[in-house]
There are 2 protein chains.
Amino acid sequence: MAGKLTQNEKFERDLLRGSLDLMVLSVLADESHYGYSIQKRLSAASMGKVKLPAGTLYPLLHRLETDKLIRSRWEESTGRKRKWYELTAKGKKRLKVQVSQWHQYAQCVTNLVNGKGAQPKPSG
Amino acid sequence: MAGKLTQNEKFERDLLRGSLDLMVLSVLADESHYGYSIQKRLSAASMGKVKLPAGTLYPLLHRLETDKLIRSRWEESTGRKRKWYELTAKGKKRLKVQVSQWHQYAQCVTNLVNGKGAQPKPSG
DNA sequence: CTCACATGTATCGGTTGTCTATATATAGAT
DNA sequence: ATCTATATATAGACAACCGATACATGTGAG
């Protein structure tokens, strides 16, 4: 019954792992969301590439809330209870720092895989 | 006694985690290396950002070798024994795929954190 | 009503992978 | 003999992701 990931899928998943917090925080930067809508937004924004399972998302959200980076409130409409999340001031600050770190990191890895990792010869 | 990471350091470390294999493979794409030299090369290429601990590097190298992405041979000079690694054909192929996936992934996350994640209105 | 499915939140447990600490060994400097 | 740098290796602690599972509501088909 498998569920076994191919090596390609495994790599993509590993890549994602390092920046899940950043991505969720980024989604919440635009506007408030509830868990399920974060899933959908992330999937849409990544053109289907990011599929955050519920078993990953909710514990992650709880961790972010414990760290006071986001806060939540329950809200009901049409009989549906949803737990809405928004960034705290601390969360906004952290996001800003992480975005900056992301750009540096991404540039660094990109240079490395392109064989330009801080080598002594800028000429040519 | 500490050893406690700050949240910033933790984030940078998490970012790294997703692409360790890619980075090691990339270093080996240029030329053969032994473990210790991979550490140094990675540190230099990332301007000190990447500090791969030995306890991470060697198990990682063993995993890569088990997967037949790299191969090793012991070589001695001036009394120093070093285990040299090089990419296998399979490893080269995998690296190529992973580099491509990295670029897609990086672009995707960059768009997301810049608030441009596949939104319906390109006009304006 | 019942079935199936999408929506919506939540937790447990297995698995995987990183990191600290530790062990071993060579070699040059003091 | 001790310190530092080089060089490889493993064990155990710890953190995190994710599949499976559970629960509840709403809608449309039969």
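Model, not experiment: these values are computed from the prediction. Reckoned from all heavy atoms, side chains included, excluding hydrogens, waters and symmetry mates. Below, chain A is the first sequence line, B the second, and so on; all start at residue 1.
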Asks: How many whole angstroms separate atom CD of B:Glu9 from atom C1' of C:dT18?
Replies: 16 Å
Asks: Does the side chain of A:Tyr105 pick up a donor-acceptor pair with the side chain of B:Ser46 at under 3.5 Å?
Replies: no
Asks: Check this for me: does any side-chain nitrogen of one of A:Lys10 and A:Asp14 sit under 4.0 Å from a carboxylate oxygen of the other?
Replies: yes
Asks: Mapping A:Pro59 and A:Lys40 onto DNA chain C by nearest heavy atom, which one lands closer to the 5' end?
Replies: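 With A:Pro59 and A:Lys40 compared, the 5'-side residue is A:Lys40.
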Asks: Holding to side chain to side chain contact (heavy atoms under 4.5 Å, CB included), I want the full list of residues that pass it with A:Glu65, two or more places apart in sequence or in another chain.
Replies: A:Ile70, A:Ser72, A:Lys83, A:Tyr85
Asks: Please state how far atom CG in A:Leu57 lies from atom P in C:dA10, giving the value in whole angstrom units.
Replies: 10 Å
Asks: OP1 or OP2 of D:dC17 versus the side-chain N and O atoms of A:Arg63: is any pair under 4.0 Å?
Replies: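 Yes, A:Arg63 has a side-chain N/O under 4.0 Å of OP1/OP2 on D:dC17.
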Asks: Under 4.0 Å between a side-chain N/O of A:Lys83 and OP1 or OP2 of C:dA10, yes or no?
Replies: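 Yes.
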Asks: How long is the span from the OH atom in B:Tyr58 to the CZ atom in B:Arg63, to the nearest 0.5 Å?
Replies: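 So the gap between those two atoms works out to 15.0 Å.
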Asks: Consider only side-chain N and O atoms of B:Gln107 and B:Asn111, and report whether a donor and an acceptor are under 3.5 Å apart.
Replies: yes
Asks: Of the nucleotides C:dC19, C:dT11, C:dT7, which has the atom closest to the A:Arg80 side chain?
Replies: C:dT7
Asks: Under 4.0 Å: is that the gap between some side-chain N or O of B:Lys10 and OP1 or OP2 of D:dA16?
Replies: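 Yes, within the criterion.
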Asks: Looking at C:dG8, I'd like to know if its phosphate oxygens (OP1 or OP2) sit under 4.0 Å from a side-chain N or O belonging to A:Tyr34.
Replies: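 Yes, such a contact exists.
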Asks: Drop me the distance from B:Arg94's CZ to B:Leu64's CG, to the nearest 0.5 angstrom.
Replies: 8.5 Å
Asks: OP1 or OP2 of D:dC18 sitting under 4.0 Å from any side-chain N/O of A:Thr56?
Replies: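 Checking A:Thr56 against D:dC18: at least one side-chain N or O falls below 4.0 Å of OP1 or OP2.
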Asks: Taking only heavy atoms on the protein side, list every residue of residues 14-29 of chain B lying under 4.0 Å from any atom of DNA chain D, sorted numerically.
Replies: none
Asks: In this structure, how many angstroms lie between the P atom of C:dT7 and the OH atom of A:Tyr36, rounded?
Replies: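 After rounding, the gap between these two atoms is 3 Å.
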Asks: Looking across every strand, which nucleic acid part, if any, lies under 4.0 Å from B:Gly35 by heavy atom: base, sugar-phosphate, or nothing?
Replies: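 Result for B:Gly35 = sugar-phosphate.
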Asks: Rounded to the nearest Å, what distance is computed from the CG atom of residue A:Leu64 to the P atom of nucleotide D:dC17?
Replies: 10 Å
Asks: Starting at CD of A:Glu75 and ending at P of C:dT9, how long is that distance when rounded to a whole Å?
Replies: 12 Å
Asks: Would you indicate, yes or no, if D:dT8 has its OP1 or OP2 atom less than 4.0 angstrom from a side-chain nitrogen or oxygen of B:His62?
Replies: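 No, because none of the side-chain N or O atoms of B:His62 sits under 4.0 Å from OP1 or OP2 of D:dT8.
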Asks: What integer distance in Å separates A:Gln39:CD from D:dG19:C1'?
Replies: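 My rounded result for the distance is 14 Å.
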Asks: So, A:Asp30 and A:Arg41, do they make that salt bridge, N to O below 4.0 Å?
Replies: yes
Asks: Round to the nearest Å and state the distance from A:Leu60 atom CG to C:dT11 atom P.
Replies: 14 Å
Asks: Measuring from the side chain of A:Tyr58 (C-beta onward, heavy atoms only), which nucleotide among C:dA27, C:dT9, D:dA9 has the closest atom?
Replies: C:dT9
Asks: Measure the distance from CZ on B:Arg13 to C1' on C:dC19 and round it to the nearest whole Å.
Replies: 7 Å
Asks: Which value, rounded to the nearest 0.5 Å, describes the distance between A:Thr56 atom OG1 and A:Arg13 atom CZ?
Replies: 9.0 Å
Asks: To the side chain of A:Trp74, which of C:dT9, C:dT20, D:dA9 is closest?
Replies: C:dT9
